[in-house]
Undergrad: 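I have a structure here, written as structure tokens, and I will follow up with some questions on it.
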Amino acid sequence: MQIKINKKEYEANENETVLDVCRREGVRIPTLCSFGKFKREAVCRLCLVEVNKSGRLVTSCTTKVAGGMEVETENENIQKARAINLELLWSDHAGKCVKCKKNRKCELQTLAEEYKIENFHFVPRRGEMTNAEENELLRDNWSRVVVDEKNPVVERDSQYCVECRRCINICPIKSYGFNHRAGDSVVGTPYNQPLDCIFCGACVKYCPTGALIDQGDINKIITDLDDGKLLSVAIVDAAVLESVGMELNGVKTVENLAGNLRSLGFEKVFDLSWGFQKYVEAVAEEIHPHHTGKKNPAKQRKFISSFCPSAELYIKKYFPELVKNIIDVKRPEEIMAEAVKKEYAKKEKINPKNIRVMLVSACTARKKLKDESIDHILTVRELGRIAREKKIEGVRFAGSVPDKFMNGANVKYAELHKYGKLSQLLTEKIKGDLVIGAANGVLEIENALNAELKKEKLHDFLEVMVCPGGCEKGGGQSMKI
Amino acid sequence: MENTKILTINWGKINPLKIGDYLAVGGYLALKKFVSEMKPDEAIEEIVASKLSGRGGAGYATGEKLKMVAESESHEKYFICNLDESEPGTYKDRMIADNNPQLLLEGIIIAALSIGAHKAYIYINGNYEKQKETLETARAQAHKKNFLGAGILGSAYDLDVEIFSGAGAYICGEETALINSIEGKRGEPRLRPPFPTEAGLFGKPTAVNNAETIANIPWIILNGGKKYAKIGASCSPGMKLYILGGSVKKPGVVEAPTGVTIRELVDDFGGGVTPGRDFWFAQIGGASGRLVLEKELDMPLTFSRDCQIPLGSGSILVVDKMANISDLILSWTEFFRRESCGKCVPCREGTFRLHEIALRLQDGEISERDKVAIKDILWTLESTTFCPLGRFAATAMRDAVEKLNLLDK
Ligand SMILES: Cc1cc2nc3c(=O)[nH]c(=O)nc-3n(C[C@H](O)[C@H](O)[C@H](O)COP(=O)(O)O)c2cc1C
Ligand code: SF4
Ligand code: FES
């Protein structure tokens, strides 16, 4: 069907909303709550448009298209509504940007700039306040700020929350919800318990502001990087290339990334492929000794991949009876970090105590199950924060290549982070009559494991990844704002 | 005609805890007529003909709503009596439950059976503990008499009524929030469409009606819709409960036809303004109600869209010149700052900020910046919120600005 947006004709499909069409066609509409295919909550009230000159404002995210519809996305009222609603949100954030860890990567900040929100009628109602009178006035709001710093992966500070509900909708195990009501509403966990989840990081990835951020001591990392006595080693999972360009301006290739990492202070940059290869070999051995294809009946059946730490946490939480079936092999980065601190250190004659191994990863859950050989784990977002801190935000390096680790790895192992790759490599490697399967996303994993328990489908190997789409869509990736 | 009493006729005359008293004054004759002489759609046609409109505030045509649910194909349907009543100064539904719970039950049974529901809920405000007990007793007695349960009065009709106690949140009176609440979810409004009549409680077609609306139904079934349509204002006919409060001589709940004027209510039913006080303005319909000045008192109150003063819950609060406007504003803003569900930005943040300004106003100083903020917030509450509560939160303050010149001081 045809609809008109700002007097221009567009083709629209049944069941699309006005926002869908606008996004597809590049008509700018500000939004905070709608994202992806998730439930349209219609709570930010920024995407307002006017339809058929009705004089009323409606949310484009929920208004279905109809043939002949005429949509206006900019006029005086629309502008006014967006500006007032943004200002109401902004008054709670004004003056906090400089110390906020999401500074310059915040969707609210970007919108406030776009709509030139500069008059603050109000003082922030959440967070630190010094004036005694204001304290008195706003006393009861303080209790609403929930700060959760204990969590190894997600740092929560609800004073930055805009109640957009993305985390509530994205969380695969439904960790979040609303507590309290009206101006006391706070997005949090049931009874405000510390977040106890599977640490996939999706909520951090999608949070538009600084309310949910990566847990990690950036200052310590920078100190380590700058310390001349320490050898800083980056182990890079190539999955980060998917989004690293958003943090390090324009970086798209391993070469370019390697150059950038060096300029941030890493002395050595290794590609995780070596660890991937060792991991696949160890897993193959575990499922079928010497790749004969003959099953070893004496052994406890080990068939669930240990590659995704979030999946491991998920199984521990929801399928404890299957924990014994998880393949007992160290993860690629653990194998590699250990090799750096042992074989590599020996070969290069360096005291392992003077080596700092830092994993650059698209995964947040790895922080929860951190191996002792790894000193720091950095998500793509944290890499960006370091770069901004050091004022080196993406430089084009021609001819920079990662360092060769030991005797190098076979290129076919380079992309183990891709969903389905692990099962594919194992199928090639192990001859024989095997049932090899893969499941990604909590729903698929749940179904596969239930089928296992009911003995409907028994696997010799099951690849499980919590982030739908694998590490390339991992919770540690950066998001476009 | 104007002397007909439908809702309050037996108040104080019967013992609400004895079903026998209700039967003695003709109770359950409507249900008997419905079961033995009418088909469900005939009953609904009577309600359509009566032009009964919702007493919960919005004034939606009750017959049309019941018809929509009755005509949907689903085997599972629900009827819900909305007794959440949490508008400040409004206690008419409570009075119905207190004084004649069987009348309400009879209405619920007829309405539920006419749409083909096997289960009905009474969603009662959590603060109405005594009324809940009264209704429980009434239900048990009705059950014993076979007005409820399986094979009602020997027919093939089945109905189970459950009394569900809310937690006393204002927003849970909004029908989709109410449905969420019964389902065990957070009490916040849902996006529509789908409307409850298509996909309501547990995703099934559901009719939600206010308790007062329902209490009219037995009379309509017994006396016919046409007769009901002749009472009161022709655009939204019928009898209505008005709650007189504030500076009136005789405060309380009165039954009067729709279309009466505020002056008639205050002077004839309420005995006039409290002696020694000067009328300043009246607020119609609770904290979310509009303000009416002396010169507007002769406007008839109806549920019609053209009626400039929405009747809302039917409460009439008379405010005299001794009142302090900043106290009133503080009490309105406090109410909405507490009762907003917190789901959408303009209402959550706006009600919070209005209250903050109201506190400053009470301290005697608001800045020019605050005045601009008041205008902006009222505008966004009226124009951009997710559900009508946002608009409600702006109504009284808007009138204070425009009619009482709040900002010109
Ligand atoms: C914020 C809000 C609060 C409401 N509170 C009540 C209430 O307390 N009681 C009620 O019957 N209807 C209330 N309503 C109206 C209901 O949503 C619904 O329209 C009504 O129960 C339908 O019944 P009726 O058609 O018989 O009026 C409220 C609506 C809104 C938006
Ligand atoms: S207007 Fe918004 S915040 Fe207010 S009650 Fe409705 S949905 Fe909730
Ligand atoms: S995007 Fe439509 S209300 Fe938020």
Side-chain angles (χ1 to χ4, degrees), chain A residues 32-33 39-48 50 55-59 61-64 77-78 80-92 108 119-123 125-126 133-134 136-138 140-141 144 161-165 168 177-187, chain B residues 167 169-172 177 185-193 333-360 362-363 366-387 389-390 393:
Chain A
L32 269 179
C33 66
K39 186 177 159 197
R40 292 284 163 90
E41 295 275 11
V43 295
C44 75
R45 317 308 282 179
L46 296 178
C47 70
L48 301 160
E50 194 177 321
R56 284 189 318 121
L57 302 180
V58 293
T59 45
C61 63
T62 56
T63 304
K64 291 256 156 64
N77 277 347
I78 295 171
K80 181 175 173 186
R82 289 175 183 164
I84 295 174
N85 289 349
L86 267 172
E87 183 182 332
L88 283 170
L89 277 178
W90 185 246
S91 11
D92 222 11
L108 182 66
N119 310 317
F120 320 132
H121 287 110
F122 306 102
V123 291
R125 63 189 167 93
R126 295 185 272 193
E133 255 173 45
E134 280 168 1
E136 182 59 29
L137 184 65
L138 305 173
D140 63 353
N141 298 299
R144 300 183 315 113
C161 176
V162 291
E163 286 89 10
C164 68
R165 299 186 173 221
I168 298 178
F178 259 76
N179 291 325
H180 310 293
R181 55 185 167 141
D184 303 318
S185 306
V186 54
V187 174
Chain B
Y170 180 59
I171 189 63
C172 287
K185 299 181 180 139
R186 184 172 195 265
E188 59 173 41
R190 292 181 180 177
L191 206 60
R192 23 173 149 205
T333 53
E334 216 165 51
F335 178 74
F336 289 106
R337 180 252 174 274
R338 184 179 70 236
E339 297 294 343
S340 156
C341 82
K343 178 174 174 147
C344 72
V345 171
C347 176
R348 180 184 67 238
E349 307 293 332
T351 54
F352 181 92
R353 296 302 182 182
L354 277 184
H355 178 242
E356 187 183 314
I357 297 173
L359 286 169
R360 287 201 275 271
Q362 218 199 16
D363 289 345
I366 62 168
S367 62
E368 288 307 310
R369 255 166 47 159
D370 278 340
K371 290 181 184 176
V372 176
I374 290 178
K375 285 186 190 154
D376 282 352
I377 294 172
L378 292 180
W379 187 85
T380 196
L381 284 171
E382 286 158 350
S383 327
T384 74
T385 58
F386 185 98
C387 85
L389 190 146

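Every chain is numbered from 1, with letters handed out A, B, ... down the list of sequences.
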Undergrad: Between B/I377 and A/L88, does the side chain to side chain contact (heavy atoms under 4.5 Å, CB included) criterion hold? Intermediate values first, please.
TA: CA-CA 9 Å; B/I377 294 172; A/L88 283 170; 4.2 Å; yes
Undergrad: So which atom in B/P346 and which in A/N85 form the shortest heavy-atom distance, rounded to 0.1 Å?
TA: CB-OD1, 3.6 Å
Undergrad: What are the two closest heavy atoms between A/A81 and B/T384, and how far apart are they?
TA: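 That closest heavy-atom pairing would be CB-CG2, 3.6 Å.
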Undergrad: Does any heavy atom of chain A fall under 4.5 Å from the side chain of B/I171, the backbone, both, or neither of them?
TA: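 The answer is neither part of B/I171.
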Undergrad: Mind checking the CZ-OG1 spacing from A/R45 to B/T385? Nearest 0.5 Å is all I need.
TA: 6.5 Å
Undergrad: Looking at A/K80 and B/E382, is there a salt bridge between them, counting it only when a charged N and a carboxylate O are closer than 4.0 Å?
TA: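 Looking at B/E382 and A/K80, the cut-off is not met.
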Undergrad: Using every non-hydrogen atom in the two residues, find where B/K343 and A/R165 come nearest and quote the distance to one decimal.
TA: CG-NH2, 3.5 Å
Undergrad: Salt bridge between A/D184 and B/R348, side-chain N to carboxylate O under 4.0 Å?
TA: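 No, A/D184 and B/R348 are not salt-bridged.
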Undergrad: So which heavy atom on A/A42 is nearest to which on B/L191, and how close?
TA: CB-CD1, 4.0 Å
Undergrad: Please look at A/L48 and chain B and tell me whether the side chain, the backbone, both or neither of the residue comes under 4.5 angstrom of a heavy atom of that chain.
TA: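 Contact with chain B is through the side chain of A/L48 alone.
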Undergrad: Taking NZ, NE, NH1 and NH2 as the nitrogens, is one of them in B/E188 or A/R181 under 4.0 Å from a carboxylate oxygen of the other?
TA: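 Not counted as a salt bridge, because no side-chain N and carboxylate O are separated by less than 4.0 Å.
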Undergrad: When you compare the side chain of A/D92 with that of B/F352, does any pair of heavy atoms fall below 4.5 Å?
TA: no
Undergrad: Select one option (side chain, backbone, both, neither) describing which atoms of A/R56 are under 4.5 Å from chain B's heavy atoms.
TA: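 Neither part.
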Undergrad: Tell me, side chain or backbone of A/I84 under 4.5 Å from chain B's heavy atoms, or both, or neither?
TA: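 A/I84 touches chain B through side-chain heavy atoms alone.
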Undergrad: Give the intermediate values and the outcome of side chain to side chain contact (heavy atoms under 4.5 Å, CB included) for residues B/R353 and A/E87.
TA: CA-CA 11 Å; B/R353 296 302 182 182; A/E87 183 182 332; over 6 Å; no
Undergrad: Which region of A/V162, side chain (C-beta onward) or backbone (N, CA, C, O), has a non-hydrogen atom less than 4.5 Å from a non-hydrogen atom of chain B, or is it both or neither?
TA: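 A/V162 touches chain B through backbone heavy atoms alone.
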Undergrad: Do you know the tightest heavy-atom contact between B/W379 and A/N77?
TA: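 So the two residues come closest at CH2-O, 3.4 Å.
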Undergrad: Give me the atom names and distance for the closest heavy-atom approach of A/S185 to B/G342.
TA: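 It is OG-CA, 3.5 Å.
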Undergrad: How long is the straight-line distance from CD1 of A/I168 back to CZ of B/R186, given to the nearest 0.5 Å?
TA: 8.0 Å
